[in-house]
Amino acid sequence: MEFVILKSFTNYVDAHIILGRMKDEGIDCWLKNENTTTIMPIWTTALGGIQLMVAADQQKKATYILNTIEEERRKQISCPRCNSQNVEYINTMRKPVNWLSAGVSFLLGDYAVMPEQRYHCFSCGNEWEEKEVIE
Ligand SMILES: [Zn+2]
């Protein structure tokens, strides 16, 4: 059977939540890079994250389910400052601010270019990071 990448995750917990939902809906799916990224989280980005693979002939249905899940999540989140629910989960690339931080990030590895996931509030412009999920 042929499989295609539906979505990439940098977060192991997220990947498993979505995988569980897909399986509940009867989607033939699995996670690629899962073992590598659990042992060596720093490799997650280098390998393109944990990739959710779905059967090619179920891609359309899987995309629909994914959209539904993401829509549900948006509804559950509200801005901690103004309590608006007009918020979006976004990915930004953390960039070095100047040559000094660029040098520091070089010494510390490529931490500075790791994707940063945060919420943005369209009502007041507030941005905040998701709470760390502790396993
Ligand atoms: Zn707000």
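Remember, it's a predicted structure, so these values are computed and weren't measured experimentally. Note that ligands are numbered from 1 as they come in the structure, with each ligand's atoms numbered from 1 the same way.
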- Query: Side-chain contact, heavy-atom cut-off 4.5 Å: D28 with M1?
  - Reply: yes

- Sorted by chain and number, protein N/O/S atoms nearer to the Zn ion (ligand 1) than 2.8 Å are C79 SG, C82 SG, C121 SG, C124 SG

- Message: What I want to check is whether the side chains of H120 and E88 have a donor and an acceptor closer together than 3.5 Å.
- Response: no

- Message: With a 4.5 Å cut-off on side-chain heavy atoms, are C29 and L19 touching?
- Response: yes

- Take C82 and C121 through the test side-chain contact (heavy atoms from CB on, under 4.5 Å) and record every step on the way to the result. CA-CA 9 Å; C82 70; C121 172; 3.7 Å; yes

- Check whether more than 12 heavy atoms from other residues, nucleotides or ligands sit under 6.0 Å from atom CD of E2, and answer yes or no. no

- Message: Could you measure the distance from the CD1 atom of I50 to the CD1 atom of I18? Nearest 0.5 Å is fine.
- Response: 12.0 Å

